[in-house]
Amino acid sequence: MGEEAPVFHVESVALESKDCLQNSIDIGDKTYVISISDDPKSSISIKILDKLTLTWVVPTVLGSHPTPTNSHVAILVNNEKILIIEKGVALNDFIWFLEVDTPFVKQQCKIKGAEVVAWSKGVISEGHTPVVISGPSGVGKGTLIAKLMKEYPSKFGFSVSHTTRFPREKEIDGVHYHFTERSKMEQEISEGKFLEFAHVHGNLYGTSIEAVESVSDQGKRCILDIDVQGARSVRASSLEAIFIFVCPPSFEELEKRLRARGTETEEQIQKRLKNARAELDQSNSPGLFDHLLINDDLEACYENLKKLLCLDDSHEDSNDSLIKDGKAIACYSILSKTNSEILLQSETNEVEKGTASLLSLNLSFLSGGAPGRTRGLKISSFN
């Protein structure tokens, strides 16, 4: 129960008082009021007005909150998130999200039996979504990924998978796998913390949301090398990704490559061929894969992969200066907003070095995760 609220209607506008700046956002039957004090040492407070019962509730706040400033704007992204844009702070710190009805927040509300909201930081990134690469065993996807990692070591990173099996000799926890107990992994799967998982030879294997986000936190683009079943699970999740399936030129060529490796018994080869035929059939499922790559010639296939990932010479990263000069001071106001994009305009007459006169925030790049983690979104700069 909260304290009784005064009888009035709260509009979705910024409200200034003597001691603080308030932004109120209406979402359904609730109004979220975000108050930031003029005192830089104070924190950001959040209260929720239930418009049906006219009572105030102070929610449990999860995640690290932005540094309080005396100038910010709150924008409703959708019924799950509120975008907070701060002014006069470094570019790397001026975009935040207050999650009010995301799957994670709903789950925490049930666990805690109370209202919950969660802060998450938006990051200025190159707008590169994770890449899911699938393909049957022996098709050469591992070689393609190895070439990609060798040529672009600072751009790409692997998510470290979880498994319940015991470590093998020379395997390092957190490097080769996150080795965990079955009960813990099953609990986290039930809590929605995994993008995909599978039972393999009596053990659980899976990719967690946090593992993917940790790669993004390093400023790298995450590569997920998973089977078709895993790709289907990721496609059904909240993660925005590019899905690529690598095909052999023919099934006969695939069998030839598998036998040429000389690493499997005949029984193992037959099992892999059976699985490969099933994966090739599933690769044509509508809406599953964005691109199909035929690996007939390795170098040609690799060049096509780079084109799909905008790595060839014809693509330049328009955000390089923005990212490198992330400590430049941000001072932008909203020029326009659609369901998928927010256009910001610089409020200064002379644009500071490292900043741009216009910034386009592509909201379709938002992804879910744990509280306090960064949320990726594409930001394009224009001068």
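A donor-acceptor pair under 3.5 Å is formed between the side chain of Asn78 and the backbone N or O of Lys81. When atom types are taken as modelled, the side chain of Tyr32 and the backbone of Ile82 share no donor-acceptor pair closer than 3.5 angstrom. Under the 3.5 Å distance criterion, the side-chain polar atoms of Asn304 are matched with a main-chain donor or acceptor of Ala300. Side-chain atoms of Asp29 do not come within 3.5 Å of backbone N or O of Lys51 as any donor-acceptor pair. Of the possible polar contacts, none joining the Arg221 side chain to the Val131 backbone as a donor-acceptor pair under 3.5 Å is found. For Thr55 (side chain) and Asp50 (main-chain N/O), no donor-acceptor pair under 3.5 Å exists by modelled atom type. One N or O on the side chain of Thr163 and one on the backbone of Leu204 form a donor-acceptor pair closer than 3.5 Å. Listed for the Ser285 side chain is no donor-acceptor partner under 3.5 Å among the backbone atoms of Leu288. Counting only distance, with no hydrogens or angles, the side chain of Glu210 and the backbone of Lys193 share no donor-acceptor pair below 3.5 Å. Side chain of Ser190 to backbone of Gln187: a donor-acceptor contact under 3.5 angstrom is found.
Minimum heavy-atom separation, Ile34 to Ala74: CD1-CB, 4.4 Å. Of all non-hydrogen atoms in Phe245 and Gly135, the two that sit nearest each other are CE1-CA, 3.7 Å. Pro249 and Asn295 get closest at one heavy-atom pair: CD-O, 3.4 Å. Glu279 and Ser137 get closest at one heavy-atom pair: OE1-N, 4.5 Å. Taking each heavy atom of Ser24 and Val33 in turn, the nearest pair found is CB-CG2, 4.1 Å. In plain terms, the two heavy atoms of Val139 and Val246 that are nearest each other are CG2-O, 3.4 Å.
Residues satisfying the side-chain contact (heavy atoms from CB on, under 4.5 Å) test with Glu151, not counting sequence neighbours, are Tyr302, Lys306. With sequence neighbours excluded, no residue forms a ring pair (Phe, Tyr, Trp, His ring centres under 6.0 Å) with Phe156.
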Val132 vs Ile242, test: side chain to side chain contact (heavy atoms under 4.5 Å, CB included). Steps then yes/no.
CA-CA 6 Å; Val132 174; Ile242 295 175; over 6 Å; no

Evaluation steps, side chain to side chain contact (heavy atoms under 4.5 Å, CB included), between Val105 and Cys109:
CA-CA 6 Å; Val105 168; Cys109 286; 4.1 Å; yes

Could you please spell out the steps behind the side chain to side chain contact (heavy atoms under 4.5 Å, CB included) verdict for Trp119 and Ile46?
CA-CA 11 Å; Trp119 285 108; Ile46 299 167; 3.9 Å; yes

Check the pair Leu311 / Leu148 against side chain to side chain contact (heavy atoms under 4.5 Å, CB included), numbers first and verdict last.
CA-CA 10 Å; Leu311 295 172; Leu148 202 62; 3.7 Å; yes

Could you walk me through whether Asp227 and Arg232 satisfy the salt bridge (charged side-chain N to carboxylate O under 4.0 Å, His left out) test, starting with their C-alpha distance in whole Å, then the side-chain angles of each, then the deciding distance to 0.1 Å, before giving a yes or no?
CA-CA 9 Å; Asp227 61 16; Arg232 195 181 296 277; over 6 Å; no

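When the side chains of ILVMFWY residues are joined at heavy-atom separations under 4.5 Å, either directly or via intervening members, Ile44 and Val117 end up in a single hydrophobic cluster. At a threshold of 4.5 Å between side-chain heavy atoms, the hydrophobic network of Ile, Leu, Val, Met, Phe, Trp and Tyr places Phe158 and Tyr152 in one connected group. Note on Ile294 and Leu309: separate hydrophobic clusters, where clusters join Ile, Leu, Val, Met, Phe, Trp and Tyr whose side-chain heavy atoms are under 4.5 Å apart, directly or indirectly. Met185 and Ile209 sit in two unconnected hydrophobic clusters of ILVMFWY residues. Membership requires side-chain heavy atoms under 4.5 Å apart, directly or through other members.
Of the options Gln268, Arg272, Lys274, Glu266, a side-chain hydrogen bond (donor to acceptor under 3.5 Å, both in side chains) to Gln270 is made by Glu266 and by none of the others. Results of the side-chain contact (heavy atoms from CB on, under 4.5 Å) test with Thr207 over Ser233, Cys222, Ser159 single out Ser159 as the only residue that passes.
Here the OG1-CD1 distance, from Thr31 to Ile48, works out to 10.0 Å after rounding to the nearest 0.5 Å. For the atom pair Asn79 CG and Thr102 OG1, the distance stands at 12.0 Å (nearest 0.5 Å). With rounding to the nearest 0.5 Å, the separation of CD1 in Ile269 from CZ in Arg261 is 8.5 Å. In this structure, CG in Leu258 is found 5.5 Å from CG in Leu273, a value given to the nearest 0.5 Å. With values rounded to the nearest 0.5 angstrom, Asp26 atom CG is found 9.0 Å from Leu76 atom CG. The line from OG1 of Thr60 to CD1 of Ile111 is 12.0 Å long, rounded to the nearest 0.5 Å.
A 6.0 Å sphere centred on CZ of Phe197 holds no more than 12 heavy atoms belonging to other residues, nucleotides or ligands. The number of heavy-atom neighbours closer than 6.0 Å to CD1 of Ile189, taken from other residues, nucleotides and ligands shown, is above 12.
Under 4.0 Å is where a charged nitrogen must lie from a carboxylate oxygen, and between Arg257 and Glu253 at least one such pair does. Between Asp101 and Lys30 there is no salt bridge, since none of the side-chain N atoms of the basic residue sits less than 4.0 Å from a carboxylate O of the acidic one. A salt bridge is defined here as a Lys NZ or Arg NE, NH1 or NH2 lying under 4.0 Å from an Asp or Glu carboxylate O, and Arg259 with Glu255 meets this definition. Checked for salt-bridge contact, Arg165 and Glu171 meet the test: a charged N lies under 4.0 Å from a carboxylate O.
Side-chain atoms of Leu144 and Ile133, non-hydrogen and from C-beta on, never get closer than 4.5 Å to each other. With contacts defined as side-chain heavy-atom distances shorter than 4.5 Å, the pair Leu280/Pro136 qualifies. At least one side-chain heavy atom of Gln107 sits under 4.5 Å from a side-chain heavy atom of Glu191. Using a 4.5 Å heavy-atom threshold, the side chains of Arg235 and Phe243 count as touching. In this structure the side chain of Ile226 reaches within 4.5 angstrom of the side chain of Glu196, judged on heavy atoms. Residues Leu224 and Pro130 meet the side-chain proximity criterion, which asks for heavy atoms closer than 4.5 Å. Using a 4.5 Å cut-off on side-chain heavy atoms (C-beta onward), Leu83 and Trp96 make no contact. You'll find the side chain of Tyr205 reaches within 4.5 Å of the side chain of Asn203, heavy atoms only.
Donor-acceptor pairing under 3.5 Å is lacking for the side chains of Thr129 and Glu240.
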Cut-off 3.5 Å, no hydrogens considered: what does the side-chain donor-acceptor table look like for residues 175-184, sequence neighbours left out?
unit_1: His176; atom_1: ND1; unit_2: Ile172; atom_2: N; d: 2.9
unit_1: Arg182; atom_1: NH1; unit_2: Glu186; atom_2: OE2; d: 3.4
unit_1: Arg182; atom_1: NH2; unit_2: Gly202; atom_2: O; d: 2.6

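Side-chain rings of His162 and Phe194 approach one another, their centers coming within less than 6.0 Å.
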